[in-house]
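The structure appears right after this line, and notes come after that.
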Amino acid sequence: MRDSSETAVPAGYVSIEDMVAKVSKDPARADSLASARKRLAPEIDEGAVTVRSLRLDRGMSQVELARILGTSQSHVARMEGGTENLALATLRKLADALSVDMNGLNDALLAQERLNAGRRRIV
């Protein structure tokens with residue numbers, strides 16, 4: 001699901017999105033990718049529970065979460081990066097997709113905001 005804001009892939013190269021989609025067609029490899037994401041979840045975002053870590057803990061890619069939400073991968077990336085103001089309907093879908101209640105989702109979004117604020121100060 002590409003939107004117009006995504007960068008085009010140069011000729012002769014394959015996008016990571018396309019590569020993951022191809023690999024995911026093989027059930028064993030898809031399971032391996034999901035398992036790797038789950039192992040990565042506690043290590044990401046300085047151990048904080050964020051939308052990204054919740055997604056990874058469920059073994060989902062950004063593309064998979066985007067498909068569930070009915071949006072693009074780049075929109076999910078912006079959600080995880082804290083650069084999107086989300087509508088209530090989107091928040092409800094996101095909470096449902098990540099199997100958390102709205103309070104848990106709010107905590108994850110606040111944790112992401114704190115991480116982003118700290119990163120901006122360093123730069």
How would you list, by chain and number, every residue that makes a side chain to side chain contact (heavy atoms under 4.5 Å, CB included) with Ala34, sequence neighbours excluded?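 For Ala34 there are no side chain to side chain contact (heavy atoms under 4.5 Å, CB included) partners, ignoring immediate neighbours.
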Could I get the full list of side chain to side chain contact (heavy atoms under 4.5 Å, CB included) partners for Ala77, not counting sequence neighbours?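 Here the qualifying residues are Gln62, Gln73.
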For the pair Asp45 and Arg52, find out whether any cationic side-chain nitrogen is under 4.0 Å from an anionic carboxylate oxygen.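 Looking at Arg52 together with Asp45, the answer is yes, because their closest N to O distance falls below 4.0 Å.
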Before giving the answer on side-chain contact (heavy atoms from CB on, under 4.5 Å), spell out for Glu46 and Leu115 the whole-Å C-alpha distance, their side-chain angles and the decisive distance to 0.1 Å. CA-CA 8 Å; Glu46 302 171 24; Leu115 285 170; 3.4 Å; yes
Mind checking the NE2-CG spacing from His75 to Leu65? Nearest 0.5 Å is all I need.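 Interatomic distance, His75 NE2 to Leu65 CG, rounded to 0.5 Å: 10.5 Å.
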So, taking the atom named CG in Leu54 and the one named CG in Leu105, what distance separates them when rounded to the nearest 0.5 Å?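 So the CG of Leu54 and the CG of Leu105 are separated by 8.0 Å.
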So do Leu86 and Met79 actually touch side chain to side chain, heavy atoms under 4.5 Å?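 Touching, per the 4.5 Å side-chain cut-off.
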Is the shortest side-chain heavy-atom distance between Leu98 and Met60 below 4.5 Å?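 Yes - at least one pair of side-chain heavy atoms lies under 4.5 Å apart.
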Sequence neighbours left out, what pairs pass side-chain hydrogen bond (donor to acceptor under 3.5 Å, both in side chains) with at least one residue falling in residues 19-36?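 Every pair satisfying side-chain hydrogen bond (donor to acceptor under 3.5 Å, both in side chains) with a residue in residues 19-36: Ser35-Arg39.
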Considering residues at least two apart in sequence or located in another chain, which fulfil the salt bridge (Lys or Arg N to Asp or Glu O under 4.0 Å) criterion with Arg58?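 With neighbours one apart ignored, the set is empty.
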Assigning hydrophobic clusters by single linkage (Ile, Leu, Val, Met, Phe, Trp, Tyr; side-chain heavy-atom cutoff under 4.5 Å), is Leu110 placed with Val49?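 They do not share one cluster, since no chain of ILVMFWY contacts under 4.5 Å joins Leu110 to Val49.
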Hydrophobic clusters here meaning ILVMFWY residues chained together by side-chain heavy-atom distances under 4.5 Å, can you tell me if Val63 and Ile68 are in one?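 Val63 and Ile68: separate clusters.
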Each residue besides Leu56 in its hydrophobic cluster should be listed here, by chain and number; the cluster joins Ile, Leu, Val, Met, Phe, Trp and Tyr at side-chain heavy-atom distances under 4.5 Å.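 Leu40, Ile44, listed by chain and number.
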If you compare all heavy atoms of [X] against all heavy atoms of [Y], which two are closest, and at what distance to 0.1 Å?
X	Y	answer
Ala48	Ala111	CB-CB, 4.3 Å
Gln112	Gly82	CG-N, 4.4 Å
Val14	Asp18	CG1-CB, 3.8 Å
Ala41	Ser53	CB-O, 3.5 Å

For a quick test of your reading: what N or O donor-acceptor pairs under 3.5 Å do the side chains of residues 88-96 make, sequence neighbours left out?
none

Under 3.5 Å, side chain of Asn116 to main-chain N/O of Gly81, donor-acceptor pair present?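 Answer holds: yes.
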